[in-house]
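Quick note on labels: first sequence line is chain A, next is B, and so on, each numbered from 1. All values reported here derive from a predicted model rather than from experimental measurement.
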Amino acid sequence: VEQATAALKHARSEVDEPRLILLARKGNQWAIARLVARHQSAIFAYVKRMVHEEAVAEELTQDVFLKAIQGLESFRGASSFATWLYRIAVNHTRDYMVSRAARDRARETSLGSPKLSTFQPVSSQPAPDAVLAEEELAALFQCCLEALETSLREAFILRHQEGLSYDEISGILGISKANAKVRVHRARERILGELRARGYDI
Amino acid sequence: MGNDKEVHLEKSVQAYLDGEMDPGEVKAFEQFVRERPEVARRLRALRRMEDWLGATRPKLSEASAERIGAALDHDLALDADRTEGSGNSQGGPRFLANRSALGGFLEWLRPRWGWATAPILVLGVLLLVYLGPPTQAETKVLRDFYLDAPGAKEVCLVGEFNDWRVCSIPMTLDDKGLWHVVLKVKPGRYEYQFVVDGEWMPDPHAPIQVPSGYGRVNSVAFLWTKTS
């Protein structure tokens, strides 16, 4: 029953989304609020995972919606609205990360501060995964994720956190479906390499 | 050749993780993995990582959602003011053209029903008010019946409300010399007559009279609202 309700809800939202977009374009505040409420948790989840800090994620999410609403004219409906929003989120987050990296570099050269701490294996012996506590495992996974280069991390998060299809990911990242797959596969390879390097027994 | 095998294995692992194998292939692959613990470990590590990613998906707190909404309202309102202030009428969306949530909601509703149906809607609402809400169907309405019959000894009210049973509703003489009774019935349209000393007669003051089918005339009372 729950599944059916969810499916029905989904179907309904698919139906009235174009109408909401049409009205939002004309400046209907109610429609705008509906669209934001419907998509903000997904956009926030993606952004937060990418940038890590809550306050930054909140601000970026807000920027994404502001950009989206101001640019609604350019939404042609070729992709779904969610895909379009994710695309804006991906680009905006990327811009933010580039500028943050530049800021960090500037600070580093002026202060000579060391690089961010990285996960240290508990012992030099490889640890079987069953032995690692949940928190340790989470910290380990977090490190592996952060070690990924941005393009791979984007694809991996969209795939496994947001649960999107390769078609959707290719639409969001503006690459071919085959390319989207390659990115996720490469991300997996890198993650395995990182896990091994950090003493996770594989 | 060993390299080819590695590539093939890699492809299988990815296809397996992406759920792109058919059930037969999945079975064969899982059988194969059972004999290759190192592949099983890799698969398990990736699965755990992917599960962790899904399970710890960041959640937007209500407070954050509210802040985002408020900030958007603010930014879009500034936007709208700027558009208006610049006297730029060449288009582009004018944000928050509809500043009231109710107005926005009505606009969303409008083209689905069309304003053309509005009169019907209004009539429906009026009718509902007139009839009272459906839940009140069980409630009763009161109505006074009067008959001026000087010299009569016994006057009764008969009608559809009492299945035309004579003198189950006797009327009494009031202080103004009129025969009177208060009827309490479910709302509806009722045909009725008076029985004066055994003689049937319609209500001389009823606005509507209809043939009874027996060569006589019934009066009609519309008892929808309490008029007593």
Visitor: A:Ala138 versus chain B, heavy atoms under 4.5 Å apart: side chain, backbone, both or neither?
Guide: both
Visitor: Are any side-chain N or O atoms of A:Gln62 and backbone N or O atoms of A:Ala57, one a donor and one an acceptor, separated by less than 3.5 Å?
Guide: no
Visitor: For the pair A:Gln161 (side chain) and B:Gly54 (backbone), establish whether a donor and an acceptor sit closer than 3.5 Å, ignoring hydrogens and angles.
Guide: no
Visitor: With a 4.5 Å cut-off on heavy-atom pairs, point out which of A:Glu54, A:His160, A:Glu162, A:Arg159 contacts chain B the most.
Guide: A:His160
Visitor: For A:Leu145, which atoms come within 4.5 Å of any heavy atom of chain B: side chain, backbone, both, or neither?
Guide: both
Visitor: Would a line drawn from the ring center of B:Phe222 to the ring center of B:Tyr190 be shorter than 6.0 Å?
Guide: no
Visitor: Tell me, side chain or backbone of A:Gln142 under 4.5 Å from chain B's heavy atoms, or both, or neither?
Guide: both
Visitor: When you measure from the side chain of B:Asp18 to the backbone of B:Glu20, do you find a donor-acceptor pair of N or O atoms at a distance under 3.5 Å?
Guide: no
Visitor: Against chain B, label A:Ala55 side chain, backbone, both or neither, depending on which of its atoms sit under 4.5 Å from a heavy atom there.
Guide: neither
Visitor: Of the backbone (N, CA, C, O) and the side chain (C-beta and beyond), which part of A:Tyr166 lies under 4.5 Å from a heavy atom of chain B, both, or neither?
Guide: side chain
Visitor: Check each atom of B:Glu66 against the heavy atoms of chain A and say whether the ones under 4.5 Å are side chain, backbone, both or neither.
Guide: neither
Visitor: Taking only Lys NZ, Arg NE, NH1 and NH2, and the carboxylate oxygens of Asp or Glu, determine whether A:Glu154 and A:Arg94 approach each other closer than 4.0 Å.
Guide: yes
Visitor: Check this for me: does any side-chain nitrogen of one of A:Lys48 and A:Glu53 sit under 4.0 Å from a carboxylate oxygen of the other?
Guide: no
